[in-house]
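To start, the structure itself, in structure tokens.
In this text the structure is predicted, and so the values were computed from the model without any measurement.
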Amino acid sequence: SYRDIFTVLSGDKNLYAKNTVKENVQFAAVLRGLRREEIQKNIEKYLPYFPLYETLENKLYEKLSFGQKRLITIFAAAVSGAKIILMDEPTEGLDLEHKKQLADIMAALKKDAAVILTTHDYEFSVNVSDHILFLKDGSIVSENGKLGREEFLKLYHGFYEGGDLQ
């Protein structure tokens, strides 16, 4: 059902600007049919991965930095209990420390949900992905399990820069 899917779009327009962080996180979960007790349980479950939530929960979403908005949106996805989380460019606007935090978050999310991401950040994708697809002109041109850095770059250059795949 549509309630099982949460999409984290590229950019910072994922949640309501005039709502607080807490209101946004709760609203996303309510839209997916969660009750107050379930929401609180999920907040507590994922809070260790999002230490900034407690300091930001009463701030307006529009007042957050770009990177904070990305992480809070992903926190809302986790708390919502979505079974499928689609992330478009999840590392956009994140510094190295927050990328590491996001990698830990994704490891936790993968226990409860299918996480699908699109990204140009090959190092991040190699580190967090169990399965990597390459798309070209709207079609899958390669389907792979976990890839190492060198393997990934060879495939990437072969498909997108006219390199040799041999």
Side-chain angles (χ1 to χ4, degrees), residues 1-138 156 160:
S1 124
Y2 71 91
R3 290 181 184 204
D4 291 334
I5 301 171
F6 194 109
T7 304
V8 179
L9 301 172
S10 179
D12 64 350
K13 307 286 189 245
N14 287 283
L15 300 175
Y16 293 99
K18 300 294 182 187
N19 285 359
T20 66
V21 167
K22 184 177 184 176
E23 290 167 340
N24 270 304
V25 168
Q26 290 176 343
F27 184 64
V30 167
L31 284 178
R32 283 165 180 74
L34 271 67
R35 294 184 319 276
R36 186 177 307 261
E37 302 79 32
E38 293 172 300
I39 296 168
Q40 189 56 43
K41 179 181 165 200
N42 286 350
I43 286 173
E44 291 169 12
K45 176 180 181 178
Y46 290 106
L47 196 56
Y49 302 100
F50 296 88
L52 62 98
Y53 175 74
E54 289 181 309
T55 60
L56 299 177
E57 68 182 325
N58 294 314
K59 287 192 174 195
L60 291 178
Y61 183 74
E62 70 182 356
K63 300 293 184 187
L64 304 182
S65 72
F66 188 87
Q68 289 171 333
K69 288 177 183 177
R70 300 294 293 160
L71 291 174
I72 290 300
T73 302
I74 295 166
F75 183 61
V79 170
S80 78
K83 298 297 178 213
I84 301 169
I85 301 173
L86 306 172
M87 295 187 195
D88 183 25
E89 299 294 349
T91 60
E92 179 183 30
L94 299 181
D95 59 23
L96 291 176
E97 179 184 334
H98 287 109
K99 281 185 184 183
K100 170 66 175 112
Q101 182 182 356
L102 180 58
D104 294 341
I105 291 164
M106 290 187 66
L109 289 174
K110 290 191 302 185
K111 294 175 186 172
D112 300 316
V115 180
I116 301 169
L117 61 105
T118 61
T119 185
H120 291 89
D121 188 340
Y122 80 89
E123 287 188 15
F124 184 78
S125 65
V126 166
N127 288 332
V128 302
S129 300
D130 299 321
H131 200 84
I132 295 177
L133 303 176
F134 287 91
L135 304 174
K136 186 170 184 175
D137 300 325
Y156 177 87
Y160 305 118

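- Note that CZ of Arg70 is 13.5 Å distant from NE2 of His98, once rounded to the nearest 0.5 Å.
- Put simply, the side chain of Ser129 never gets that close to the backbone of Val126: no donor and acceptor are under 3.5 Å apart.
- For the pair Ile72 and Leu52, the minimum side-chain heavy-atom distance is below 4.5 Å.
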Verdict with reasoning, Glu62 to Asn19, per side chain to side chain contact (heavy atoms under 4.5 Å, CB included): CA-CA 8 Å; Glu62 70 182 356; Asn19 285 359; over 6 Å; no

Stepwise side chain to side chain contact (heavy atoms under 4.5 Å, CB included) test for Ile74 and Met87: CA-CA 8 Å; Ile74 295 166; Met87 295 187 195; 3.9 Å; yes

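- Of all heavy-atom pairs between Ile132 and Ser125, the closest is CD1-O, 4.1 Å.
- Although no hydrogens or angles enter the test, the distance criterion places no donor-acceptor pair under 3.5 Å between the side chain of Arg36 and the main chain of Gln26.
- With salt bridges taken as basic N to acidic carboxylate O contacts below 4.0 Å, none links Lys41 and Glu44.
- Two residues are said to be in side-chain contact when any heavy atoms from C-beta on lie closer than 4.5 Å; Lys45 and Asp112 meet this criterion.
- Among the candidates Met106, Gln101, Lys100, the single residue satisfying the side-chain contact (heavy atoms from CB on, under 4.5 Å) test with Asp104 is Lys100.
- Taken to the nearest 0.5 Å, the CG atom of Leu64 stands 9.5 Å off from the CG atom of Leu15.
- Checked options Leu86, Asp88, Leu133, Ile85; the residue passing with Ile116 is Leu86 (criterion: side-chain contact (heavy atoms from CB on, under 4.5 Å)).
- How far CG of Leu94 is from CZ of Phe124: 8.0 Å, rounded to the nearest 0.5 Å.
- Atoms OH and CG, from Tyr49 and Leu71 in turn, are 14.5 Å apart once rounded to the nearest 0.5 Å.
- Scanning both residues, Leu102 and Pro90, for their nearest heavy atoms gives CD2-O, 3.5 Å.
- Side-chain N/O atoms of Asn127 and Tyr122 include no donor and acceptor closer than 3.5 Å.
- Figure legend: Lys69 and Tyr61 shown as a cation-pi pair, the cationic atom lying under 6.0 angstrom from the six-membered ring centre and within 45 degrees of its axis.
- Of all heavy-atom pairs spanning Phe6 and Ala28, the tightest one is CE1-CB, 3.8 Å.
- For the atom pair CZ (Phe134) and OH (Tyr160), the distance works out to 6.0 Å, reported to the nearest 0.5 Å.
- The two residues Tyr46 and Phe50 come nearest to each other via the heavy atoms O-CD1, 3.2 Å.
- Heavy-atom neighbours of Lys110 NZ from other residues, nucleotides or ligands within 6.0 Å: above the threshold of 12.
- The aromatic rings of Tyr16 and Phe27 sit perpendicular, their planes meeting at an angle over 60°, well past the 30° parallel limit.
- Asn42 has its side chain within reach of Leu34: a pair of non-hydrogen atoms, C-beta onward, lies under 4.5 Å apart.
- In this structure, a donor-acceptor pair under 3.5 Å is absent between the side chains of Thr20 and Asn58.
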Test log, rule side chain to side chain contact (heavy atoms under 4.5 Å, CB included), inputs Phe75 and Ile43: CA-CA 8 Å; Phe75 183 61; Ile43 286 173; 4.1 Å; yes

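- Remark: side-chain polar atoms of Ser65 are paired, donor with acceptor, to backbone N or O of Gln68 under 3.5 angstrom.
- A distance-only check finds a donor-acceptor pair linking the side chain of Arg32 to the backbone of Ile5 [under 3.5 Å].
- Among all heavy-atom pairs drawn from Glu92 and Ser10, the shortest one is OE1-OG, 2.8 Å.
- The backbone N or O of Leu9 sits less than 3.5 Å from a side-chain atom of Asn14, completing a donor-acceptor pair.
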